Undergrad: 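Starting off with a structure, shown below.
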Amino acid sequence: MLIEYLQEIKKEIHSHILKQFPSLSLKEQDIRLERPPQPEWGEFAFGCFPLSKETKKKPVEIAQSLAEGFSSHPCIESLNANGPYLNIKIKKSSFSQIVCKEIFAQKNRFGSNSLGQGKALMIEYSSPNTNKPLHIGHVRNNLLGMALANLLEFCGYNVIKANLINDRGIHICKSMLAYQNWGNNVTPEQEGIKGDHLVGKFYVQFESALKKEQEEYASSQGVDLSLFSKPYLQGLKDKIKETKDKPEKERLQKEYQNLNERAEKWEQEFLENSKLYSQAMEMLRLWEKEDPEIRALWSKMNSWVMKGFEETYQKLGCKFDKIYRESETYSLGKEHVEKGLKEGAFYRKEDGSIWVSAEKLQQISPDAFKGIPLKDKLLLRADGTSVYITQDIGTAILKASDYPLDKSLYVVASEQNLHFKTLFAIMKLLRFSWADGCYHAAYGMVTLPKGMGKIKSREGTAVDADDLIAEMTQRAKSKMKEENLRVEEDKLEETALDIALAALKIFILQVYPDKDIQFDPHKVIEFTGDTGPAIQYSYARICSIFRKAKEQNKEWKEDQLFAYDLLSQQEFSLIQDLSEFPQIIATAGESYNISLIANYLLNITRKYASIYAAYPVLKAESEQLRDARFALAKATAQVIQNGMSLLGANVPESM
RNA sequence: GUGCCUGUAGCUCAGCUGGAUAGAGCAUCAGACUUCUAAUCUGAGGGUCGCAGGUUCGAAUCCUGCCAGGCACGCCA
């Protein structure tokens, strides 16, 4: 077994050190083996720095003396000193044998572990609003969520994938109102477009009508709207920064503050006078009162949207075990807020609204709120209607009562960091034992390049998920036709989609989750270089080798001892990379960091491509060498497949 | 203003639990298809790791301060 083998090497190094320096307090688990920068130097390296203090010798001397004093060991070929490092050369043949044998034996389980054995974990992701179609920002969420779910399942957790549908609120009513006003009772079927796109159209229509109304109102009041606009205010901000003259700077700052306040006030005033907005609010009230007509429209439009989402989910490979709807959880949230009030966790203001105090939050989670000048948080309005966090409280409690959860992950953008800190603290205040298992798996935004503003559906700057996938699939298809077409006609569509999705998934998942991703809608996601298709390409070429081998009657069976010692340094180095896959998975699983896997796959793909060009399998100089290369190819393909499947990407056998 | 995140090659990103000469891809230039799939490979050029201090035998990595960008601080969701 691989783990035992690596342990054995550590053990030997440890005991070898103690032989020379018996008085050391060094423990076996303190031995950290690294990988030398040059493969020729060896497979592992031990830096002698930590021994220097106790032995009162220089690391260089220690390495020297350790190398000289070594005789032999079944796994270790030789020890060499190189400066302060003790470089270890192992018996490559037996190591390769162990690695490949393990991969062949475990197949698609290779790399898995039992980190989460016996633990139930819920992962909530996607969580869409039912008023507009999914865009590139949602795609990042969906891909991260699905990949995390796969990864954690691979790490032994019993994973429950949940989706919380945001199907209630003023934004939903906006689309509904637009449909009622201008929709002429059209259906997605009549229009021939997906339901989410149709509803999204009405949402945009509402927003532009509202904007028009706003402009009209402004001119009737003699207000210059351009002074309140984002670009103008931003320009003023930039000017303040540039201004050196103090009095002038202060004057500008005052002007900025003044304008900001006026803008806010005016916005408020407009909404109070807006016919459209008050219609939408009236609709929300009717919805809360369960007005049958409004509820019927709501159900109809929601089902259109959900049907549209399901199509997109299916393409992206997103699956869910449990669907929660905000419309079904917010009243439970209200109940628990009332309960918390009775138990003294919250307090009630004179107007009847219910709050949690900043002090209580700070007390229960001091670390989370360290240094933050926290304000009291509203949990329930005076009129008894719920706010955003009310329904999240309800949903969290419902989740834990539906399943006995050890961990509960929320895949939500990092802009909501404070919200989740607050939510989790409230759960602790309500003394739920599972509150400590809650974790916000945050990720950065998908942004447009500088000067292009923000991604916003209602302003039409969003990159639509369906459009993007369709366009990429089209490009993959023409690319395949451009090459020698190696794919059967009936598999063309499917393969093109696989390639497009792999490109999209690797593009997004290779980036460290905390980082923002800059996405230029005018540039395409590439298919060449360090991309998803490159990983698939390596896999397809390996499959091709085995197909050709079969045609040429070159038999190969994996359950043999191969002459791995004939392999080149470069090839052996790849075997060592493959042996590290389980460790990558474990680290990724512990830190919820998907990008480690994507980058690992790109790394081994690059190495394999180089090996592919330099070391032919079928035309190897000897049969023994050929068989060893078969083994390496097979093992590489298996690891690529395992890694890609965690990222939710398919690997076609030809492309 | 306060807090969190980010700053590495022209561009997009790895590396960050301190360790050997800071790595890829794209773009640029020069090579390689009668060869297991050229969506590839080989090579070249390209870096004050935001800046300044500190800790250390050793810092892209840890600490402090500053600078720049993003986000949050709503009876919006």
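Values in this document were obtained by computation on a predicted structure and should not be read as measured data. All values below come from the heavy atoms of this structure, side chains included, with hydrogens, waters and symmetry mates left out. We name chains A, B, ... by the order of the sequence lines, and we start the count at 1 in each one.
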Undergrad: Could a donor-acceptor pair under 3.5 angstrom be found where the side chain of A:E653 meets the base of B:U37?
TA: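 No such pair is found, so the answer is no.
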Undergrad: Should A:L492 and A:E488 count as side-chain neighbours, where that means a heavy-atom distance under 4.5 Å?
TA: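 They are not in side-chain contact.
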Undergrad: Here's a test of your reading of the structure: between A:N129 and A:P59, which maps to the more 5' nucleotide of RNA chain B?
TA: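 The residue mapped nearer the 5' terminus is A:P59.
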Undergrad: Where is the tightest heavy-atom contact between A:L618 and A:K548, given as atom of each residue plus distance?
TA: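 Closest approach of A:L618 to A:K548: CD1-CB, 3.6 Å.
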Undergrad: Once you round it to whole Å, what is the distance between C1' of B:U40 and CZ of A:R486?
TA: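 After rounding, the reported distance stands at 11 Å.
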Undergrad: With distance as the sole criterion, do the side chain of A:N417 and the base of B:C73 form a donor-acceptor contact below 3.5 Å?
TA: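 In this structure, the two groups form no donor-acceptor pair.
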Undergrad: Could you give the distance separating B:C63 and B:U55 at their C1' atoms, to the nearest angstrom?
TA: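 Those two atoms are separated by 7 Å.
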Undergrad: Check the distance between B:G25's C1' and A:R606's CZ and give it to me in whole angstrom.
TA: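 Atom-to-atom, A:R606 to B:G25, this comes out as 7 Å.
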Undergrad: Please give the distance between the C1' atoms of B:U12 and B:U6 as a whole number of Å.
TA: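 Rounded to whole Å, the distance is 15 Å.
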Undergrad: What is the base-pairing partner of B:C49, counting Watson-Crick and G-U wobble geometry with both distances under 3.5 Å?
TA: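 Base-paired to nothing in any strand shown.
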Undergrad: Could you state the atom-to-atom distance from CD1 of A:I506 to C1' of B:A14 in whole Å?
TA: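 So the CD1-C1' distance, A:I506 to B:A14, works out to 14 Å.
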Undergrad: Report the relative orientation of the aromatic rings in A:F270 and A:W266; use parallel for angles under 30°, tilted for 30 to 60°, perpendicular for over 60°.
TA: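 Correct class here is parallel.
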Undergrad: Where does B:C71 fall, syn or anti, if syn means a chi angle no more than 90° from 0?
TA: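 That one's anti.
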Undergrad: Verify the contact: side-chain N or O of A:R35 to OP1 or OP2 of B:A20, cut-off strictly under 4.0 Å; return yes or no.
TA: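 So the side chain of A:R35 is outside the cut-off, no N or O lying under 4.0 Å from OP1 or OP2 of B:A20.
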Undergrad: OP1 or OP2 of B:A77 less than 4.0 angstrom from a side-chain nitrogen or oxygen of A:Y388, does that happen here?
TA: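 Negative; the distance criterion is not met.
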Undergrad: Can you say whether the rings of A:Y439 and A:Y592 are parallel (under 30°), tilted (30 to 60°) or perpendicular (over 60°)?
TA: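 Tilted: the ring planes of A:Y439 and A:Y592 meet at 30° to 60°.
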Undergrad: Using atom CG of A:L374 as one end and atom P of B:A72 as the other, report the distance to the nearest whole Å.
TA: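 Distance, rounded to whole Å: 17 Å.
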Undergrad: When both hydrogen-bonding distances must be under 3.5 Å and the geometry is Watson-Crick or G-U wobble, what is B:G58 paired with, if anything?
TA: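 Paired with B:G58, as far as the under-3.5 Å criterion goes, is no nucleotide at all.
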Undergrad: Strictly below 4.0 Å: does A:Q510 bring a side-chain N or O up to OP1 or OP2 of B:C13?
TA: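 Result: no.
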Undergrad: To the nearest Å, how far apart are A:D530 CG and B:C11 C1'?
TA: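 Answer to the nearest Å: 15 Å.
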Undergrad: Of the options B:C41, B:U37, B:A77, whose atoms approach the side-chain atoms of A:S610 most closely?
TA: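 Minimum distance to the A:S610 side chain belongs to B:C41.
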Undergrad: Which residues satisfy the ring-ring contact (aromatic ring centres under 6.0 Å, His included) test with A:F420, sequence neighbours excluded?
TA: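 ring-ring contact (aromatic ring centres under 6.0 Å, His included) list for A:F420, sorted by chain: A:Y410, A:F424, A:H440.
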Undergrad: Which whole-number value in Å describes the distance from A:D516 CG to B:A72 C1'?
TA: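 Taking atom C1' of B:A72 as the reference, CG of A:D516 is at 13 Å.
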Undergrad: Within less than 4.0 Å of OP1 or OP2 of B:A14, is there a side-chain N or O belonging to A:K515?
TA: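 Affirmative; the distance criterion is met.
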Undergrad: Mind checking the P distance from B:C51 to B:G7? Whole angstroms is fine.
TA: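 Looking at atom P only, B:C51 and B:G7 are 13 Å apart.
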Undergrad: Between A:F546 and A:F630, is the ring centroid distance below 6.0 Å?
TA: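 That pair passes the under 6.0 Å test.
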Undergrad: Would you mind telling me which of B:A39, B:A77, B:G25 lies closest to the side-chain atoms of A:E326?
TA: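 Comparing B:A39, B:A77, B:G25 against the side chain of A:E326, the answer is B:A77.
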Undergrad: Please pick, from B:A77, B:C5, B:C36, the nucleotide with the shortest atom-to-atom distance to any side-chain atom of A:H171.
TA: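 Of the candidates, B:A77 comes closest.
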Undergrad: So if I take every side-chain heavy atom of A:V387 and compare against B:A77, B:G70, B:G15, which nucleotide ends up nearest?
TA: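 Of B:A77, B:G70, B:G15, B:A77 is nearest to the side chain of A:V387.
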Undergrad: Does B:C4 pair with anything, Watson-Crick or G-U wobble, both distances under 3.5 Å, and if so, with which nucleotide?
TA: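 Partner of B:C4: B:G70.
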Undergrad: Among the nucleotides B:A14, B:G3, B:C36, which one has an atom lying closest to any side-chain atom of A:I372?
TA: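 Of the options given, the side chain of A:I372 lies nearest B:G3.
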Undergrad: Would you kindly compare A:A476 and A:Q552 by the position of their nearest RNA chain B nucleotide and give the one closer to the 5′ end?
TA: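 Comparing both residues, the 5'-ward one is A:Q552.
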Undergrad: Does a side-chain N or O of A:R381 approach OP1 or OP2 of B:C76 to a distance below 4.0 Å, or not?
TA: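 So the side chain of A:R381 is within the cut-off, an N or O lying under 4.0 Å from OP1 or OP2 of B:C76.
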Undergrad: Side chain of A:N599 only, please: which of B:G18, B:U37, B:A14 is the nearest?
TA: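 Nucleotide nearest to A:N599's side chain: B:A14.
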Undergrad: Out of B:C36, B:C73, B:A20, which has the shortest distance to the side chain of A:K375?
TA: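 Of the candidates, B:C73 comes closest.
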Undergrad: Check whether any side-chain nitrogen or oxygen of A:K554 sits under 4.0 Å from OP1 or OP2 of B:C36, and answer yes or no.
TA: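 The answer is no; no side-chain N or O of A:K554 sits under 4.0 Å from OP1 or OP2.
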Undergrad: With a non-hydrogen cut-off below 4.0 angstrom, is A:D167 in contact with a base, only sugar-phosphate, or nothing?
TA: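 Touches nothing.
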Undergrad: Do the side chains of A:E653 and A:R541 get close enough for a salt bridge, i.e. N-O under 4.0 angstrom?
TA: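 Salt bridge: no.
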Undergrad: Provide, to the nearest angstrom, the distance between the NZ atom belonging to A:K523 and the C1' atom belonging to B:C11.
TA: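 Atom NZ in A:K523 sits about 6 Å away from atom C1' in B:C11.
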Undergrad: If you only use heavy atoms from C-beta on, which nucleotide in B:C36, B:C75, B:A77 is closest to the side chain of A:V617?
TA: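 Per side-chain heavy atoms of A:V617, the pick is B:C36.
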Undergrad: Report, as yes or no, whether the 6.0 Å neighbourhood of atom CD on A:E623 holds more than 12 heavy atoms from other residues, nucleotides or ligands.
TA: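 At most 12 heavy atoms, drawn from other residues, nucleotides or ligands, come within 6.0 Å of this atom.
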Undergrad: Of the nucleotides B:U37, B:A77, B:A20, which one has an atom closest to the side chain of A:N82?
TA: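 My answer, after comparing the listed nucleotides, is B:A20.
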Undergrad: Who does B:U17 pair with, Watson-Crick or G-U, both distances under 3.5 Å?
TA: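 Per the H-bond distance test, none.
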Undergrad: If you take atom types as modelled and just measure distance, does the side chain of A:N87 reach the base of B:A20 with a donor-acceptor pair under 3.5 Å?
TA: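 Checked by distance alone, the answer is yes.
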Undergrad: Taking the side chain of A:R32 as heavy atoms from C-beta outward, which of B:G18, B:A20, B:A39 is closest to it?
TA: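 Minimum distance to the A:R32 side chain belongs to B:G18.
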Undergrad: Which value, in whole Å, describes the distance between the C1' atoms of nucleotides B:A22 and B:C49?
TA: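 Comparing C1' positions in B:A22 and B:C49 gives a spacing of 8 Å.
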Undergrad: Does the side chain of A:K377 get closer than 4.0 angstrom to OP1 or OP2 of B:C75 through an N or O atom?
TA: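 It does not, given that no N or O in the side chain of A:K377 lies less than 4.0 Å from OP1 or OP2 of B:C75.
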Undergrad: Using both distances under 3.5 Å as the test, list the Watson-Crick or G-U wobble partner of B:C26, or none.
TA: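 B:G10 is the nucleotide pairing with B:C26.
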Undergrad: Taking a pair as Watson-Crick or G-U wobble with both distances under 3.5 Å, which nucleotide is matched to B:A38?
TA: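 Paired with B:A38, as far as the under-3.5 Å criterion goes, is no nucleotide at all.
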